[in-house]
Amino acid sequence: MKEEKKPDVAKLLGITDDLMFQNVMKDPVNCRMFLHEVFPDLDIQGLTVRTQERIAFNKEEKFSVLDVLIKDSKGRRYDIEMQVAPQKDLDKRARYYMYKMMEDGFLHQGEGYSELTAVYVIFVLPFDPKGKGLKRYTFTYSAREDKSVELNDESEIIYLNSKGKKGDVSQGLEDLYSLMEGKRTTNSKFIKRIKKTMDNYRKTEEWSEHVMNTEQIKEMALAQGLEKGRREATASAISKTVKMLKRMNQSDEQILHC
C-alpha cells in the first residue's frame, strides 16, 4: 500500500492562516483596499488598524480578542475576522463583537444620537455559514412583518463565503476567494498587493518560526495518533488553537491533550 504523502505545512498556511491574515491586514493600505471591495460606496480614509485587540470593559465580563480592529477618519469601526472552522454559535459571536465595538463608541455629554457611528463586523469564511450558496450574506435589522422596512442604524454583520456560487461580489473579493481556495486569480491591483505582502512576510523569521511550531505540533499529534478523526481540521485551524493555548501558558503536552 502506497504511503500517504504528508502535506507541506508551509504551503497550507496561506491567507486563511490566522497570523498571515493579520499581517496582511495590519497594513492600512491593504485594509483600505479590502474595505473598498466590501463597501465600494463608502469613502473610507484615514485608517487606524490594530490586530489581536482585546476588548473588555470590566473584570467580570467575557473579553473578546478581535483579529483586525479598524477605525476610519469618520469614526466608523470595522472588525475583520478570519474564521476557518464552522461554529454553531457564529451568529451570536458576531453579535457580541458588534456589541463590544458599539460599547467602545459611546457618546459624550452634549452629543446627539445622530453622531453614533456605524459598526461593521466582517467574517471571512472558507465555508458556507448558512448553506444557501451565497457569496456574501449581509445582515441588518428589518421588520419581521415587512423585510423592506429596516432600522437605519447603519451597522451590518457580513459573512463573506469563499465557497459561494450565487450572487455578485466585486472582482477583488472573487480574487480573494480564489486565493483562499488555492485557485488562480486575476492580476488586479488589490490581489497583487495582497500576494506581495504575503511573499514578503514569508521571508521573515517570525513566519519561519510559526511554520516550524505548527509542523512540530502536527508531528507530535501524528506520533500520538491524534490526527485520526481530525482529518478535516486545516493547518491554519490547528495553528490558531495552538497560539491561543500558548497565550494561556499551556505546555506542548497540555496542548496535545486538549
Side-chain angles (χ1 to χ4, degrees), residues 25 31-32 34-50 53-58 60-83 85-170 172-173 176-177:
M25 288 300 168
C31 233
R32 185 173 61 81
F34 170 80
L35 291 175
H36 177 71
E37 298 295 337
V38 180
F39 306 107
D41 297 329
L42 290 185
D43 179 25
I44 300 173
Q45 304 290 339
L47 300 185
T48 301
V49 183
R50 303 196 299 273
E53 183 71 11
R54 174 172 170 162
I55 294 185
F57 296 99
N58 60 63
E60 286 73 33
E61 70 180 72
K62 177 181 177 64
F63 73 84
S64 300
V65 179
L66 306 184
D67 281 355
V68 186
L69 178 60
I70 306 153
K71 185 178 179 180
D72 69 15
S73 59
K74 296 184 179 180
R76 294 173 297 207
R77 290 170 173 79
Y78 312 81
D79 169 37
I80 308 173
E81 300 286 325
M82 176 65 74
Q83 179 71 46
Q87 293 189 355
K88 63 181 180 180
D89 62 351
L90 185 65
D91 294 345
K92 289 186 177 180
R93 179 187 294 264
R95 187 188 75 178
Y96 193 73
Y97 288 176
M98 174 173 277
Y99 167 74
K100 298 310 295 180
M101 287 199 296
M102 285 179 170
E103 192 175 13
D104 190 38
F106 61 86
L107 292 173
H108 294 90
Q109 287 188 7
E111 292 180 329
Y113 292 113
S114 63
E115 296 179 72
L116 280 174
T117 53
V119 170
Y120 303 95
V121 175
I122 307 162
F123 275 79
V124 185
L125 309 169
F127 61 88
D128 190 335
K130 296 298 179 182
K132 298 296 184 180
L134 296 178
K135 297 177 181 180
R136 169 177 176 154
Y137 297 89
T138 302
F139 300 99
T140 57
Y141 291 108
S142 62
R144 180 175 294 179
E145 296 78 8
D146 185 342
K147 298 298 182 184
S148 67
V149 181
E150 295 186 349
L151 283 180
N152 188 26
D153 73 337
E154 301 178 329
S155 296
E156 298 176 359
I157 292 174
I158 298 168
Y159 294 159
L160 299 178
N161 170 30
S162 69
K163 293 289 196 295
K165 303 296 182 184
K166 300 176 184 177
D168 296 320
V169 293
S170 68
L173 287 182
L176 180 64
Y177 290 171

Take Val121 and Glu156 through the test side-chain contact (heavy atoms from CB on, under 4.5 Å) and record every step on the way to the result. CA-CA 6 Å; Val121 175; Glu156 298 176 359; over 6 Å; no
Without swapping roles, check the side chain of [X] against the backbone of [Y] for a donor-acceptor pair under 3.5 Å.
| X | Y | result |
| --- | --- | --- |
| Lys166 | Gly133 | no |
| Glu37 | Phe39 | no |
| Ser142 | Val149 | no |

side-chain contact (heavy atoms from CB on, under 4.5 Å) evaluation trace for Ile80 with Phe123: CA-CA 6 Å; Ile80 308 173; Phe123 275 79; over 6 Å; no
Is there a side-chain contact (heavy atoms from CB on, under 4.5 Å) between Val38 and Leu160? Walk through the geometry before answering. CA-CA 9 Å; Val38 180; Leu160 299 178; 4.1 Å; yes
Those residues that, when tested against Phe127, pass ring-ring contact (aromatic ring centres under 6.0 Å, His included) (two or more places apart):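 With neighbours one apart ignored, the set is empty.
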Test ring-ring contact (aromatic ring centres under 6.0 Å, His included) applied to Tyr177 - qualifying residues, sequence neighbours left out: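 ring-ring contact (aromatic ring centres under 6.0 Å, His included) check on Tyr177 returns nothing, list empty.
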Once rounded to the nearest 0.5 Å, what's the spacing between atom [atom1] of [X] and atom [atom2] of [Y]?
| X | Y | atom1 | atom2 | answer |
| --- | --- | --- | --- | --- |
| Leu35 | Ile44 | CG | CD1 | 4.5 Å |
| Lys74 | Gln45 | NZ | CD | 8.5 Å |
| Tyr78 | Asp72 | OH | CG | 4.0 Å |
| Asp67 | Asp79 | CG | CG | 7.0 Å |
| Asn161 | Ile158 | CG | CD1 | 13.5 Å |
| Phe139 | Ser155 | CZ | OG | 15.0 Å |

Under 6.0 Å from the CG atom of Asp89, do we count more than 12 heavy atoms belonging to anything else shown?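 It does: Asp89 CG has more than 12 such atoms within range.
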Taking atom NZ of Lys71 as the centre, report whether more than 12 heavy atoms of other residues, nucleotides or ligands fall under 6.0 Å from it.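 It does not: Lys71 NZ has 12 such atoms or fewer within range.
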Tell me the closest heavy-atom pair linking [X] and [Y], and the distance in Å.
| X | Y | value |
| --- | --- | --- |
| Met102 | Asp153 | CE-OD2, 4.2 Å |
| Tyr97 | Val65 | OH-O, 4.2 Å |
| Tyr159 | Ile157 | CE2-CG2, 3.9 Å |
| Glu150 | Thr140 | OE2-OG1, 3.3 Å |
| Met101 | Leu66 | CG-CD1, 4.2 Å |
| Val68 | Met25 | CG2-CB, 3.7 Å |

Any side-chain heavy-atom pair of Glu154 and Thr117 under 4.5 Å: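 Side chain of Glu154 against side chain of Thr117, heavy atoms only: no contact under 4.5 Å found.
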side-chain contact (heavy atoms from CB on, under 4.5 Å) between Tyr120 and Ile70, intermediate numbers included: CA-CA 10 Å; Tyr120 303 95; Ile70 306 153; over 6 Å; no
For residues 118-147, pull every pair meeting salt bridge (charged side-chain N to carboxylate O under 4.0 Å, His left out), keeping only residues two or more places apart or in separate chains.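 Only Asp91-Lys130, Lys135-Glu174 qualify under salt bridge (charged side-chain N to carboxylate O under 4.0 Å, His left out).
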